[in-house]
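For reference, the structure is listed below as structure tokens.
Atoms considered below: every heavy atom in the structure, side chains included; atoms not considered: hydrogens, waters and symmetry mates. Along the sequence shown, residues carry numbers from 1. Note that the coordinates shown come from a computational prediction; the quantities given were computed from them, not determined experimentally.
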Amino acid sequence: MNADLSLYLVTDPELCGPRGVVETVRQAVDGGVRIVQLRDKSATDAEIVEQLVELSHVIAGRARLVVNDRLDAALVARERGARVDGVHLGQGDASVLRAREALGPDALIGLTANSAAHLDAVRALPPGTVDHLGVGVIRPTLTKPDHPPALGIDGFRVFAAASPLPCVAIGGVGIDDTEALREAGAAGLAVVSALCAADDPGRVAAEFRRRWHSGTAPRILSIAGSDPSGGAGIQADLKSIAANGGYGMAAITALTAQNTEGVRGVHVPPTDFLRAQLEALSDDVTIDAVKIGMLADAEVIRTVGTWLDAVRPPIVVLDPVMVATSGDRLLDPEAEGELHRLLRHAHLITPNLAELAVLVGRVPADWPDALAAAEELSSEVGAMVLVKGGHLPGEEAPDALIDARRGLREEFTGPRIATRNTHGTGCSLSSALATRLAQGEDATTAVAGARAWLRESLREGESLRVGRGQGPISHFAGLWTRGGLETRPAAAEIEADWWRQIADTRAAIDEQPFIRALADGTLAREPFLFYLAQDALYLRDYARVLAEAARLAPTSAEQAFWANSAHGSIVGELELHAAWLSPSQGVGAATFIAEPAPATIAYLDHLRSVAFGGDYRELIAALLPCFWLYTDLGQRLHAGEFGAHARDPRHPYASWLATYADPAFEEATRRAIEVVAAAAAAAEPATRARMLRAFETSSAHELAFFAAPTEVHPVV
């Protein structure tokens with residue numbers, strides 16, 4: 001069994017207070033709780049049975065219901081017709097083997113575990129005996145004063161990594177633990193106080209779900225027919241899901257031969273194969289929402305209903321495809337009856353006016369009557385209804401969201417968009433809604449966002465130029481316009497690409513007379529001292545630019561890195577220069593007595609202009625060549641690439657050459673490359689391009705800096 005364990009409510013009657021356990025559960029399930037565990041240690045078995053019966057009625061299949069410890073009570077409640085999905089057992093409770101045998105292979109059985117010995121015991125059980133482990137406590141909690149020592153998040157991470165089964169974190173779990181526990185390997189969060197004691201359990205549950213899924217794409221399954229022209233059916237659904245931020249999957253109910261001008265044929269595969277598709281998905285993937293479209297006949301509808309009843313996805317959006325554009329009914333009476341029963345599995349139904357008329361058994365006289373009919377349907381089946389008025393005459397295209405249980409009636413309108421490209425709009429809208437609801441949006445927000453996306457896609461449909469008839473909408477028009485098609489490179493790709501971009505500059509540096517003469521020991525003292533004097537002037541202001549990078553850095557780690565580099569330039573490198581330029585005085589006025597050469601002035605002007613332009617990312621890109629080119633040159637000098645004499649300890653500049661390959665500087669260079677490449681990879685294309693220009697410009701200044709000594713003091 002692949003149950004959704006993401007949000008797991010453990011009840012506590014005292015914390016629920018006057019509101020009571022049943023109402024707390026109802027609200028929490030409305031908000032997205034996926035598992036309800038009835039825990040009431042003071043109740044008798046008979047009282048537990050009564051509570052299970054009542055909770056089963058309130059939950060109505062929208063979440064799984066398990067009971068803490070009381071296996072026998074679960075069995076009695078089942079005999080009375082309650083839907084009890086399983087038990088959660090402690091280490092000293094009824095044997096999990098007995099529970100599995102009594103409840104059957106499809107039951108959900110959890111087991112408390114918090115030690116290596118518990119894991120060993122789990123591994124010794126036959127496969128399939130236990131479905132998941134409740135692991136904790138995470139931190140001390142008053143609801144279970146006899147708990148074992150708290151694991152903390154780090155302890156949970158270690159335990160989950162060693163566990164052969166999914167681990168649900170329990171014990172003192174608050175909403176701010178959501179992301180940390182998910183990253184630590186939790187399959188879900190078992191929450192007591194944060195939900196039972198909440199003023200609004202539904203709102204808190206929805207926020208838990210939203211934060212649990214933040215940063216990940218919701219997994220949306222479309223159960224619908226196939227349209228080979230790509231405008232409707234599962235093809236439109238998958239595009240719609242992707243355009244709205246979800247990961248789309250599809251189980252095909254029917255194959256059609258159609259294009260933008262009409263349907264030429266329909267083939268319905270055997271329902272055994274549809275069942276196989278659905279089971280293959282739900283056995284492996286935790287499904288966050290289901291969108292249901294074309295269901296060709298009664299047997300197909302029953303197959304989908306049976307699967308929904310077993311899996312119980314948290315969100316089901318049903319687009320009742322019942323009436324063709326011509327007005328012809330697409331389903332026979334038996335299938336229409338089965339579809340009406342299927343509505344009770346839905347959370348949101350999205351009929352157009354013709355479909356609404358079939359579902360309520362009468363044709364609405366006008367838009368207000370359509371809203372009344374939608375309210376009747378919502379009240380009857382217990383689901384929200386989004387009634388679509390796009391087929392109404394007039395300048396406006398209204399929709400309305402109705403939830404009779406909550407007393408919600410929200411109307412949405414907008415000017416009608418003049419276009420023939422409306423093929424698949426119903427499919428696309430319902431899939432967008434499923435995706436947005438799975439992301440944690442409330443229904444009103446989801447409808448507003450999905451409508452805005454659909455209207456944009458409708459406006460741009462004509463540009464696709466697909467077919468001669470009723471063409472498709474342009475599902476990705478907004479993404480193509482605002483996001484473009486350029487891929488975002490990885491940091492490693494940035495590093496390799498930038499290094500290639502300055503290949504000519506690097507080759508020119510290698511051929512500089514200064515470098516060649518420095519390597520073979522023939523460099524005269526005058527050009528060497530000239531280079532040192534200019535480098536001292538450079539380093540003095542370079543340290544100021546590094547300090548500015550530290551000031552602008554977005555993280556404390558980067559701030560410390562650039563600040564340490566500035567300190568190293570002043571204390572370490574300048575002292576080495578002073579040992580040659582002003583040995584008797586150390587670093588002082590005599591170290592900086594030289595007049596700056598044009599190459600020095602140009603390089604520093606470039607760095608200062610970037611530094612005080614205020615863009616941290618461009619600045620660090622401009623700083624990088626001073627790290628990278630020097631380290632690369634030093635490594636190759638010491639490797640003998642410029643001749644073996646560069647490695648000879650009797651070389652006249654041996655002490656200087658040693659600084660080029662200093663391990664500490666090499667480590668600092670690696671860190672600088674990582675910081676800059678990561679910033680470039682995360683940047684938008686325009687900023688990344690400016691960073692590259694700053695990097696290339698600094699590299700060119702490095703070449704000019706190496707050329708200057710022998711231009712003033714030619715090598716002979």
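- At a threshold of 4.0 Å, the pair Asp288-Arg219 counts as salt-bridged, since one of the basic side-chain nitrogens sits closer than that to a carboxylate oxygen.
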| Should Asp309 and Arg83 be marked as a salt bridge (charged side-chain N to carboxylate O under 4.0 Å, His left out) after you check the CA-CA gap, both sets of side-chain angles, and the distance that decides it? | CA-CA 11 Å; Asp309 196 48; Arg83 182 163 188 166; 2.8 Å; yes
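- Annotation: side chain of Gln277 is not in contact with side chain of Met249 (no heavy-atom distance under 4.5 Å).
- Proximity of Asp283 to Asn2: side-chain heavy atoms (C-beta onward) are nowhere separated by under 4.5 Å.
- Taking the side chain as every heavy atom from C-beta outward, Val387 and Asp399 never approach each other to under 4.5 Å.
- Using cut-offs of 30° and 60° on the angle between ring planes, the pair Trp453 and His475 is tilted.
- Heavy atoms only, all atoms of each residue included: Glu338 and Ala298 are closest at CG-CB, 3.9 Å.
- Side chain of Arg100 to main chain of Gly104: a donor-acceptor pair is present (N/O by atom type, distance under 3.5 Å, no hydrogens or angles).
- A 6.0 Å sphere centred on CZ of Arg405 holds more than 12 heavy atoms belonging to other residues, nucleotides or ligands.
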Check: What's the verdict on side-chain contact (heavy atoms from CB on, under 4.5 Å) for Val36 and Tyr8, showing C-alpha distance, side-chain angles and the deciding distance?
Finding: CA-CA 6 Å; Val36 175; Tyr8 191 124; over 6 Å; no
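- In this structure, a donor-acceptor pair under 3.5 Å is present between the side chains of Gln27 and Glu23.
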Test log, rule salt bridge (charged side-chain N to carboxylate O under 4.0 Å, His left out), inputs Asp12 and Lys41: CA-CA 9 Å; Asp12 184 293; Lys41 294 188 176 183; over 6 Å; no
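- One finds a salt bridge joining Arg210 and Glu207 here, because a Lys/Arg side-chain nitrogen approaches an Asp/Glu carboxylate oxygen to under 4.0 Å.
- For CD of Glu179, the number of neighbouring non-hydrogen atoms (other residues, nucleotides, ligands) closer than 6.0 Å is greater than 12.
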- Task: Evaluate the side-chain contact (heavy atoms from CB on, under 4.5 Å) criterion for residues Trp212 and Leu7: first the C-alpha distance (whole Å), next the side-chain angles of each, then the deciding distance (0.1 Å), finally the verdict.
- Result: CA-CA 9 Å; Trp212 179 262; Leu7 188 55; over 6 Å; no
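- The shortest non-hydrogen separation linking Leu119 to Pro164 is CD2-CD, 4.0 Å.
- Heavy-atom contacts from other residues, nucleotides or ligands closer than 6.0 Å to CG of Asp199 number 12 or fewer.
- A salt bridge does not link Arg275 with Glu299: every distance from a Lys NZ or Arg NE/NH1/NH2 to an Asp or Glu carboxylate oxygen is 4.0 Å or more.
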- Message: Determine whether Ser42 and Asp40 satisfy the following criterion, side chain to side chain donor-acceptor pair (under 3.5 Å), listing intermediate values before the conclusion.
- Response: CA-CA 6 Å; Ser42 64; Asp40 187 344; 3.0 Å; yes
Requested in this report: Start with the C-alpha gap between Leu401 and Thr444, add the side-chain angles, then the distance that decides, and say whether side-chain contact (heavy atoms from CB on, under 4.5 Å) holds.
Outcome: CA-CA 7 Å; Leu401 179 66; Thr444 302; 4.0 Å; yes
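- Atoms CG and OG, on Leu371 and Ser378 in that order, are 12.0 Å from each other to the nearest 0.5 Å.
- In this structure, Leu15 and Leu195 have side chains that are not in contact, with every pair of non-hydrogen atoms separated by 4.5 Å or more.
- Taking CG of Asp442 as the reference point, atom CG of Leu437 lies at 8.5 Å (rounded to 0.5 Å).
- Of all heavy-atom pairs between Leu133 and Ala113, the closest is CD1-CB, 4.1 Å.
- Glu411 and Trp367 are linked by a side-chain donor-acceptor pair at a separation below 3.5 angstrom, with hydrogens and angles left out of the test.
- Val10 approaches Ala190 most closely through the heavy-atom pair CG2-CB, 4.3 Å.
- Closest heavy-atom contact between Ala169 and Val173: O-CG2, 3.9 Å.
- Between Asp177 and Arg182, no side-chain nitrogen of the basic residue sits less than 4.0 Å from a carboxylate oxygen of the acidic one, so the salt-bridge criterion is not met.
- For the 3.5 Å distance criterion, the side chains of Asp237 and Ser222 qualify, holding a donor opposite an acceptor.
- Within the 3.5 Å criterion, the main-chain N or O of His118 finds a donor-acceptor partner in the side chain of Ser115.
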query: Yes or no on salt bridge (charged side-chain N to carboxylate O under 4.0 Å, His left out) for Glu50 and Arg80, after CA distance, side-chain angles and deciding distance?
result: CA-CA 10 Å; Glu50 295 300 327; Arg80 289 186 50 185; 2.4 Å; yes
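- At a threshold of 4.5 Å between non-hydrogen side-chain atoms, the residues Ser56 and Val84 do not count as touching.
- Using a 4.5 Å cut-off on side-chain heavy atoms (C-beta onward), Pro314 and Arg34 make contact.
- With rounding to the nearest 0.5 Å, the separation of CD1 in Ile223 from CG in Leu281 is 9.0 Å.
- Here the side chain of Arg344 pairs a donor or acceptor atom with the backbone of Glu380 at under 3.5 angstrom.
- Heavy atoms only, all atoms of each residue included: Ala383 and Ile349 are closest at CB-CD1, 4.0 Å.
- Side chain of Glu47 to main chain of Thr44: a donor-acceptor pair is present (N/O by atom type, distance under 3.5 Å, no hydrogens or angles).
- More than 12 non-hydrogen atoms from other residues, nucleotides or ligands lie less than 6.0 angstrom from CZ of Phe412.
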*Would Leu9 and Val191 count as a side-chain contact (heavy atoms from CB on, under 4.5 Å) if you check the C-alpha gap in whole Å, the side-chain angles of each, and the deciding distance to 0.1 Å?*
CA-CA 5 Å; Leu9 167 62; Val191 181; 5.7 Å; no
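- Side-chain atoms of Leu348 and Val316, non-hydrogen and from C-beta on, never get closer than 4.5 Å to each other.
- Within the model, atoms CG of Leu181 and SG of Cys167 stand 11.5 Å from one another, a figure rounded to the nearest 0.5 Å.
- With hydrogens and angles ignored, the 3.5 Å screen pairs no side-chain donor or acceptor of Ser431 with any backbone N or O of Ser240.
- The only option from Leu75, Val76, Asp72 that meets the side-chain contact (heavy atoms from CB on, under 4.5 Å) definition with Val49 turns out to be Val76.
- Checking side-chain atoms of Lys291 against main-chain N and O of Cys427 turns up a donor-acceptor pair under 3.5 Å.
- One finds no salt bridge joining Arg64 and Asp4 here, because no Lys/Arg side-chain nitrogen approaches an Asp/Glu carboxylate oxygen to under 4.0 Å.
- The backbone N or O of Leu359 sits less than 3.5 Å from a side-chain atom of His340, completing a donor-acceptor pair.
- Checking side-chain atoms of Thr11 against main-chain N and O of Arg39 turns up a donor-acceptor pair under 3.5 Å.
- Listed for the Asn244 side chain is no donor-acceptor partner under 3.5 Å among the backbone atoms of Ala432.
- Not a single donor-acceptor pair under 3.5 Å links the side chain of Thr129 to the backbone N or O of Leu125.
- With values rounded to the nearest 0.5 angstrom, Asp85 atom CG is found 11.5 Å from Ile109 atom CD1.
- Remark: Asp30 engages Arg62 in a salt bridge, criterion side-chain N to carboxylate O under 4.0 Å.
- Looking at heavy atoms from C-beta onward, Leu343 lies in side-chain contact with Leu377 at the 4.5 angstrom threshold.
- Going from atom CG of Leu165 over to atom CG of Asp131 covers 8.0 Å, rounded to the nearest 0.5 Å.
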